[in-house]
Amino acid sequence: MTKKALITGVTGQDGSYLSELLLEKGYEVHGIVRRTSTSNIERVAHLSTALRLHYGDVTEVSRLMLLLQQIQPDEVYHLASQSDVRASFDQPEFTGEVTGMGTTRILEAIRLVDLDCRVYQASSSEMFGASLPPQNESTPFWPRSPYAAAKTYAYWVARNYREAHGMFVANGIMFNHESPRRGMTFVTRKITHAVARIKAGYDRKLYLGNLDAVRDWGYAKEYVEAMWLMLQADKPSDYVVATGTAYTVRDFAEHAFGYVGLDWREFVRFDDRYLRPTEVDSLIGDPSKTAAELGWKSKVLMPELASLMVEEDLRIVNAQRAE
Ligand code: NAP
Ligand code: GDD
């Protein structure tokens, strides 16, 4: 029997890599796409013949129920979210609706249609917030943004559906993961895209906020494999997914500019618009449980990640120049 998967947030960075992975594994893959006035399917356009896309939104439970009933997925990967931490300070209520309540809606929809399926909840290392590193599955949560608070709510809702209703729901507590498909507002892609534009002569400066923030950056393509592994386990649990390595935003900039032979200090300038009312200073994950129970381990670390992202942005900028 062909397995069926439903992905919310299929048009995002992770949704696109996960779609590729599941299609490779022979799944019938369905995705929920928001209706927008301009196209939002660029990241999955190359999969358009294989992928089955449906209009929907995690703020509309009736639509979720209908789709679940029609598709009858074996696995649901709930990735949809307002995922920009800085933006969550400007839109706290909307972030709560989508990032927090969206999880309740998808779980309740599954329960109401009485579907026997396994669910992945896209939890986040942002939940640890001000708790000191290294962070693992037992580290207390201390959310520092409306986004982190919404994800913490969603995490506990996922746990509660597991405990109260016996549903198979796994929380992947993922640390920052990046790729050439990363949204342009996140700091890594903002840097690598700027490097490519500066190298091509289009821009002269890059404005950033807090360069001292420490993150544990991994490669998104590898992280979606951990999502899948969580839903193949004997029983549902919560897993930290991280590399265990630590770099500052400054380190990332140094590597990205250095890759094309530039000195970051000549181009990066400070702009307080990119500071946050409350910052998360240091996230460094301890992925030992995930390694021991799921056999997952990251391979690509920050220097290689920065290089492969710059490489792809150089290709994009040069292709635009050729047009
Ligand atoms: P992303 O690129 O921002 O993708 C988010 C996805 O959610 C997009 O497909 C977006 O659709 C969709 N979406 C937003 N609001 C929606 C709504 N109301 N209804 C339906 N879909 C909606 O995020 P990502 O990096 O792939 O991350 C995937 C998930 O993992 C998110 O939940 C994120 O919060 C979480 N997470 C990410 C990281 C990371 O480092 N990347 C780490 C921990 C957790 P549009 O394309 O139309 O905008
Ligand atoms: N976005 C951005 N833009 N961040 C900047 C900038 C800038 O110009 N300058 C410095 N930073 C710092 C931020 O203050 C933060 O400390 C760090 O760079 C990383 O910011 P982001 O790339 O925006 O990611 P994030 O860590 O806030 O959140 C991402 O990772 C979470 C997992 O830990 C997102 O993908 C979240 O959705 C995810 O849950």
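One-based numbering, in listed order, for ligands and for the atoms of each. In this text, all values refer to a predicted model and were calculated from it rather than measured experimentally.
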Colleague: For Ala122, counting its heavy atoms only, list the atoms of ligand 1 lying under 4.0 Å from any of them.
Modeller: 29 (C), 30 (O), 32 (O), 35 (C)
Colleague: Which option wins on minimum heavy-atom distance to atom 39 (O) of ligand 2: Phe270, Tyr147, Tyr207?
Modeller: Tyr147
Colleague: In terms of ring plane angle, is the pair Tyr17 and Tyr219 parallel, tilted or perpendicular, where the classes change at 30° and 60°?
Modeller: perpendicular
Colleague: Using only atom types and a distance under 3.5 Å, with no angle test, would you say the side chain of Thr8 pairs donor to acceptor with the backbone of Leu79?
Modeller: yes
Colleague: What protein heavy atom sits nearest atom 27 (O) of ligand 2, and how far away is it?
Modeller: Arg276 NH1, 2.5 Å
Colleague: Would you check the N or O atoms of Val58, main chain and side chain alike, for any that come under 3.5 Å of an N or O of ligand 1?
Modeller: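 Checking ligand 1 against Val58, an N or O pair does fall under 3.5 Å apart.
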Colleague: For ligand 1, which atoms sit closer than 4.0 Å to a heavy atom of Leu79?
Modeller: 28 (C), 29 (C), 31 (C), 32 (O)
Colleague: For a side chain to side chain contact (heavy atoms under 4.5 Å, CB included) check, start with the C-alpha distance between Val119 and Tyr161, then their side-chain angles and the critical distance, and finish with the verdict.
Modeller: CA-CA 10 Å; Val119 185; Tyr161 271 70; over 6 Å; no
Colleague: Can you list the ligand 2 atoms lying under 4.0 Å from a non-hydrogen atom of Ser125?
Modeller: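 Here the atoms of ligand 2 in question are 32 (C), 33 (O).
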Colleague: Is Gln13 close to ligand 1, meaning an N/O of one under 3.5 Å from an N/O of the other?
Modeller: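 Between Gln13 and ligand 1, an N or O pair is found under 3.5 Å apart.
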Colleague: If you measure from each heavy atom of Lys190 to ligand 2, is any distance below 4.0 Å?
Modeller: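 Lys190 counts as a contact of ligand 2 under the 4.0 Å cut-off.
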Colleague: Which atom pairs, donor and acceptor, lie under 3.5 Å between side-chain atoms of residues 291-306 and protein residues at least two apart or in another chain?
Modeller:
unit_1	atom_1	unit_2	atom_2	d
Glu293	OE1	Tyr239	OH	3.3
Trp296	NE1	Glu222	O	3.0

Colleague: Hey, does Asn176 come in under 3.5 Å of ligand 1, counting only N/O atoms on both sides?
Modeller: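 No, no N or O pair falls under 3.5 Å.
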Colleague: Using a 4.0 Å heavy-atom threshold (strictly under), name the region of Arg34 that reaches ligand 1: side chain, backbone, both or neither.
Modeller: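 The answer is the side chain.
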Colleague: Is it true that Ile32 lies under 4.0 Å from ligand 1, counting heavy atoms only?
Modeller: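 It does not, in that no heavy atom of Ile32 comes within the 4.0 Å cut-off of ligand 1.
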Colleague: Is Arg118 salt-bridged to Asp74, going by a charged N under 4.0 Å from an acidic O?
Modeller: no
Colleague: Taking 4.0 angstrom as the limit and counting only heavy atoms of Gly12, give me the atoms of ligand 1 inside it, by number and element.
Modeller: 2 (O), 4 (O), 8 (C), 9 (O), 26 (O)
Colleague: Which of the numbered atoms in ligand 1 are below 4.0 angstrom from a heavy atom of Ser123?
Modeller: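 The atoms of ligand 1 under 4.0 Å from a heavy atom of Ser123 are 43 (C), 44 (C).
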Colleague: Does a side chain donor of either Gln82 or Thr99 reach within less than 3.5 Å of an acceptor in the other side chain?
Modeller: no
Colleague: Would you mind listing which atoms of ligand 1 come within a distance below 4.0 Å of any non-hydrogen atom of Arg182?
Modeller: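 Within the 4.0 Å cut-off of Arg182, ligand 1 contributes 25 (O), 39 (C), 40 (O), 41 (N).
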Colleague: Which residue, Thr103, Asn171, Asp238, Asn160, forms the side chain to side chain donor-acceptor pair (under 3.5 Å) with Tyr155?
Modeller: Asp238
Colleague: Quick one: does Met230's side chain get under 4.5 Å of Glu75's, heavy atoms only?
Modeller: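 Met230 does not reach Glu75 side chain to side chain.
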Colleague: Tell me, please: is Arg182 in heavy-atom contact with ligand 2, that is, under 4.0 Å?
Modeller: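 Yes.
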Colleague: For Asn40, take its heavy atoms, then give the atoms of ligand 1 lying under 4.0 Å from any of them.
Modeller: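 Close to Asn40: 47 (O).
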Colleague: For ligand 2, find out whether one of its N or O atoms is nearer than 3.5 Å to an N or O atom of Phe186.
Modeller: no
Colleague: Hey, are Glu97 and Arg105 close enough for a salt bridge, meaning a charged N less than 4.0 Å from a carboxylate O?
Modeller: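 Answer for the salt bridge query: yes.
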Colleague: Would you say Ser83 and ligand 1 have an N/O pair spaced under 3.5 Å apart?
Modeller: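 Yes; at least one N/O pair falls below 3.5 Å.
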Colleague: Polar contacts were defined as any N/O atom of the residue lying under 3.5 Å from an N/O atom of the ligand; does this apply to Ser81 and ligand 1?
Modeller: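 Yes, at least one N or O pair falls under 3.5 Å.
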Colleague: Should Arg181 and Glu20 count as an ion pair when the cut-off is N to O under 4.0 Å?
Modeller: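 The answer is yes: the pair qualifies as a salt bridge.
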Colleague: Counting heavy atoms only, which of Asp271, Asp84, Asn210, Asp281 is nearest atom 12 (C) of ligand 2?
Modeller: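 The nearest heavy atom belongs to Asn210.
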Colleague: I'd like to know if Phe186 contacts ligand 1, where contact means a heavy-atom distance under 4.0 Å to any ligand atom.
Modeller: no
Colleague: Could a heavy atom of Glu126 be found less than 4.0 Å from some atom of ligand 1?
Modeller: no
Colleague: Any N or O on Met174 sitting closer than 3.5 Å to an N or O of ligand 2?
Modeller: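 No.
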Colleague: Please answer whether the main-chain N or O of Leu283 pairs with a side-chain N or O of Gln135 as donor and acceptor at a distance below 3.5 Å.
Modeller: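 No, because the side chain of Gln135 does not come within donor-acceptor range (under 3.5 Å) of the backbone of Leu283.
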Colleague: Does Ser125, backbone or side chain, put an N or O under 3.5 Å from an N or O of ligand 1?
Modeller: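 The answer is no, given that Ser125 and ligand 1 share no N or O pair closer than 3.5 Å.
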Colleague: Is the side chain of Arg34 donor-acceptor paired with the backbone N or O of Thr11 at a distance under 3.5 Å, no angle test?
Modeller: no
Colleague: Does any pair with a residue in residues 256-268 pass side chain to side chain donor-acceptor pair (under 3.5 Å), and if so which ones, sequence neighbours excluded?
Modeller: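 Residue pairs passing side chain to side chain donor-acceptor pair (under 3.5 Å), neighbours aside: Tyr259-Glu311, Asp263-Arg265.
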Colleague: What do you reckon, does Thr11 have a nitrogen or oxygen under 3.5 Å from a nitrogen or oxygen of ligand 1?
Modeller: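 In this structure, Thr11 places an N or O atom under 3.5 Å from an N or O of ligand 1.
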Colleague: Looking at Ala5, is its backbone amide N or carbonyl O close enough to the side chain of Glu28 to form a donor-acceptor pair, meaning the two atoms are under 3.5 Å apart?
Modeller: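 Answer holds: no.
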